[in-house]
Structure formats: structure tokens, C-alpha cells
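See below for the structure under consideration.
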There are 2 protein chains.
Amino acid sequence: MVETPRNTRQRRAVGAILDDLDGFASAQEIHDILEQRGEKVGLSTVYRNLQVLVDAAEVDSLRGDDGELLYRRCSAGHHHHLVCRSCGRTVEVEGPTVERWADRVAGEHGFRDIEHTLEIFGTCEQCGR
Amino acid sequence: MVETPRNTRQRRAVGAILDDLDGFASAQEIHDILEQRGEKVGLSTVYRNLQVLVDAAEVDSLRGDDGELLYRRCSAGHHHHLVCRSCGRTVEVEGPTVERWADRVAGEHGFRDIEHTLEIFGTCEQCGR
DNA sequence: ATTCTTGCAAACTATTTGCAGAACA
DNA sequence: TGTTCTGCAAATAGTTTGCAAGAAT
């Protein structure tokens, strides 16, 4: 019934890139990096494997300002991202304050099954000079 | 030097749709509605006028889960949206709590020039039955 | 009259999908 | 061996752009 995903060279390669990356990267960027490293992996395969990883909750995805999907290997649990708009460095932050606020506000308006997305953008220390 | 945007039928038509809408709508949806009303406006013109309105801060835009841009006539000032995932009804909410939290957290990590995006999704009272 | 706007078609970007052959278990 | 996976090319979807014709001031 439940088949285990196969352990292919391409899947490992995509995973390896994600391990090495610090911030978020788009599927296309990941594909480019693979090419630079001499790993031949089709672009569609990159997309498919990223999707597999997202489904397995091994990778987090968010949509960038320009609408493209960005991926990052990411710790479990609900949290938000603080992203440097210059170098892309990312810090994961938790926000019980925000969670509570969002639930309360939504509840006051009669909404249920609340979800929320929150991203913080700024310029990090190194890029600030 | 600074030229005023011209007051064209098409621009008025797009504005009128936005006035009538309650929630967010995509450019394509707005184009469809115009067609239903018998107003002939090219799709690209809809896109261009929406962009003009966004630049003029008369309209707010946000990116939906599927990556498409959604537009809505929207009050001034910084605020967030509480969107019903079923009917699309939208409530604008303010969150001084969140603003402060975001600034503080970002500051603690050495980030400057903070911006953030926050959207809350849920099921509204009417759709909850 | 002059300059901004529109409409259409073509171009683009990001992403998905069909399918035949290759690779894993 | 029997599936699952991959690569390529073609298909989608949303959005943008070039350009000649049309409208606003």
C-alpha cells in the first residue's frame, strides 16, 4: 500500500544542496547549483523531488515576493522566518505572542480553523553596513 | 513633469468593479466580471490599471496561495487580512501587538528596516456550518 | 496636436505533465 | 521483474511587453 520513495541519485543530490544552503532557494536556483557541481538532474526532477520533500515535511516552502516558490530544509514545528532581503540569510523565529493574537482576532470575527502566514523581512547586520 | 493619469473608461470600469467587490479578486476574475457586464476591456489593460491603482496606494495587493496576485480596494495604513478560505470574505485587522513583536524579534537578531507580511486564513461563520 | 492608453499578439517566467526509456528494490 | 523515477519536450497559467491605432487633454 504505502510505498517508500526510492533512494535515487537525483533525490540525494537535491537533498544535499538543501543541506548546504543557509537560506531559501528557488527550484531553479537549486537546479543551477546542481549543474555547477556537475550533477545532471533535470529541472522537472528537481521540482518533483522538492515536492516529495515538502510532502514528507522535510522541507519548508514559502512564496517569495515575486511569486516563485522558495524551499529550505527546516526544523519541525510551527515557526516563522526572518529573512534578510539582501543576502537571503534566514532565521527561524517562534512567536507564541503572534499565534495567540491571531487566534484571538480571528475568533472575535467568528472565524474557525485558523491558519496564518507571517514572514519578516529586513536587512541583516552584515548587509546593513 | 508629473503627469496625471488620464481618466479613461477602462480605468473607471476597473475601479468600479473594485468598489463592488467585497474580498480579493485576481486580475483575471476582474476581467471576467467586466466581460459579464458587457464592458470591453483588454486583459492587459486590466493588469496595467490595477498596477496604477496599487502604485497610487488606492488598492492593496497580496499573493494568494497559488501564487497569483489578488487585489482589493483597501483602507490606508498598515493592516493585515483575515480571509475566509471558503467564500473569500475579508476582514481588515490591525495588530499593534504583532508590529511590536516583529520589530523586537528582528532587532534582537540585528535586522533593520523591518517589514512584514501577515495573513490569517480561516473559515468564517457563514461557511462554518 | 500631442501625449497617454488601449488592445492584441507574442514573449516570458515559473511550474506541471505525458510518455518512453532508465534505474531501483 | 515490476514499479517507480527521470529527462525531455510540450502544455499551462499568470503576467508583461512591443507596437500601431485610438482616446484624452
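Numbers restart at 1 for each chain; the letters A, B, ... are given by sequence-line order, proteins then strands. Atom set for the values below is all heavy atoms of this structure, side chains included, hydrogens, waters and symmetry mates excluded. For clarity, every value in this text was computed on a predicted model and none was experimentally measured.
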Counting any heavy atom closer than 4.0 Å, what does [X] reach on the DNA or RNA strands: base, sugar-phosphate only, or nothing?
X       : value
A/Asp66 : nothing
A/Thr8  : sugar-phosphate
B/Arg9  : sugar-phosphate

Task: B/Tyr71 and B/Leu62, any side-chain heavy atoms less than 4.5 Å apart - done: no
Within this structure, what is the [atom1]-to-[atom2] distance between [X] and [N], rounded to whole angstrom?
X       : N      : atom1 : atom2 : value
B/Asn49 : C/dG7  : CG    : P     : 9 Å
B/Leu43 : D/dG18 : CG    : C1'   : 16 Å
A/Glu35 : D/dG7  : CD    : P     : 12 Å
A/Tyr47 : C/dT17 : OH    : C1'   : 14 Å
A/Lys40 : C/dA22 : NZ    : P     : 17 Å
B/Leu34 : C/dT6  : CG    : C1'   : 14 Å
B/Arg63 : C/dT15 : CZ    : P     : 11 Å
A/His31 : D/dT6  : NE2   : P     : 13 Å

TODO: Please identify each residue that fulfils salt bridge (Lys or Arg N to Asp or Glu O under 4.0 Å) with A/Arg6, with sequence neighbours left out.
DONE: none
Open item on the list: Which nucleotide wins on minimum distance to the side chain of A/Arg48, given the candidates D/dT6, C/dA14, C/dG7?
Closed with: D/dT6
- [ ] Could you please name the option among C/dA14, C/dG7, D/dT6 that lies closest to any side-chain atom of A/Glu68?
- [x] C/dA14
Task: Side-chain donor/acceptor of B/Arg6 to base of D/dT25, under 3.5 Å - done: no
Open item on the list: OP1 or OP2 of C/dG7 versus the side-chain N and O atoms of B/Ser44: is any pair under 4.0 Å?
Closed with: no
Open item on the list: Looking at B/Asn7, I'd like to know whether one of its side-chain N or O atoms comes within less than 4.0 Å of OP1 or OP2 on C/dT5.
Closed with: no
- [ ] Decide if the gap between the ring center of B/His81 and the ring center of A/His116 is smaller than 6.0 angstrom.
- [x] no
Open item on the list: For DNA chain D, which residues of residues 10-20 of chain A approach it to below 4.0 angstrom with any heavy atom?
Closed with: A/Gln10, A/Arg11
- [ ] Verify the cluster assignment for A/Tyr47 and A/Val14: are they in a single hydrophobic cluster under the rule of side-chain heavy atoms below 4.5 Å apart?
- [x] no
Open item on the list: Do the side chains of B/Arg37 and B/Asp32 get close enough for a salt bridge, i.e. N-O under 4.0 angstrom?
Closed with: no
Open item on the list: Does this structure show an ion pair linking A/Glu68 with A/Arg63, if we count only N-O contacts that are shorter than 4.0 Å?
Closed with: no
Open item on the list: What verdict does the salt bridge (charged side-chain N to carboxylate O under 4.0 Å, His left out) test give for B/Arg9 and B/Glu39, after you've listed the backbone C-alpha separation in whole Å, the side-chain angles of each residue and the deciding distance to 0.1 Å?
Closed with: CA-CA 9 Å; B/Arg9 173 182 64 82; B/Glu39 292 267 19; 3.3 Å; yes
